[in-house]
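These notes concern the structure reproduced below.
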Amino acid sequence: MTELAFAPSAITTLPIVGAEARFPVRRVYCIGRNYAAHAIEMGHDPDKEEPFFFQKNPNNLDTSGQFPYPPESSDVHHEAEMLIALKSGGTNISVESALTHVFGYGLSLDMTRRDLQGIQKKMGRPWEIGKAFERSAPCGPLHRVSEVGHPDQGSLLLTVKGEVRQEADLNQMIWKVPEMISYLSKYFELAAGDVIMSGTPSGVAAVEKGDIMVLTIDGLGKLEVGYPRQAPNGTPVLINGVRCPIVGRVSMDMITVDVSELSRVAIGDKVILWGTDLPVNEV
Ligand code: MN
């Protein structure tokens, strides 16, 4: 057996509706500008473009239902998308046979640091800093093809704070699911565990801290993503292995010491002054 220098990071897995087993994720491909109205709102001509893809990291997928506002940005946008999960792959897959590789479908949000992406676009640089950050792809469980078929039409709706932001029909996708798979497989070797994010319709806009995003797609249920829940005072949490009750919070803006320093101080006092931006895990 190969000896590893240290324990490897856990692989990302997605829950499957109606099954105990989980879906192990290999790669994450995201298609850009796949709805005409969205291409136009971003300043492009949808008739002139070949499909294009970028990637997120597998562990950017997050099924916690929480989206902590990411650092170094003040303009974070939601992009409501369908997730396509593959059970097999290959190269040069034909459009006709592409759907035989699909394991299932789910709901996802391609969260984007639009301000940072905009700077990269202007400079002709890669988009990772805008797209592939921690927890940048909140998603729901997968629905197997045996349960939901291959959704190619039906409503996609995203509300934020109860207001409709993105509303479209899956049949408005410029590049359909079989075409995306076939096109990708010309450039990459697709494999079981790969997921594809379908691209987003128009209506992308900024989210604020505390916003609740609710995405529904016909037949694929509902994904609700909120800001990390604030456990009430008195809730025990683990800080560096020590169990302490939360007795109060301070805003990160008021903290001048490093967070690890703050935790250390807190343990000594059995008192937690915790940044309001930090999610805590109840124990
Ligand atoms: Mn997108």
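Ligands are counted one by one from 1 in listed order, and the atoms in each one are counted from 1 as well. Residue numbers run from 1 in the order of the sequence given.
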Of all N, O or S atoms in [X], which has the smallest distance to the Mn ion (ligand 1)?
X	answer
Asp110	OD2
Glu79	OE1
Glu81	OE2

Any donor-acceptor pair under 3.5 Å from Glu41 side chain to Gly203 backbone: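 The answer is yes, because a donor-acceptor pair under 3.5 Å joins these two groups.
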Test item: Thr112 side-chain N/O and Asp110 main-chain N/O as donor-acceptor pair under 3.5 Å: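 Such a contact is found between Thr112 side chain and Asp110 backbone.
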Phe53 ring center near Phe188 ring center (under 6.0 Å):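 Not under 6.0 Å, so no.
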Salt-bridge criterion met for Glu79 and Lys131 (N-O under 4.0 Å):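 Here Glu79 pairs with Lys131 in a salt bridge, since their nearest N and O are under 4.0 Å apart.
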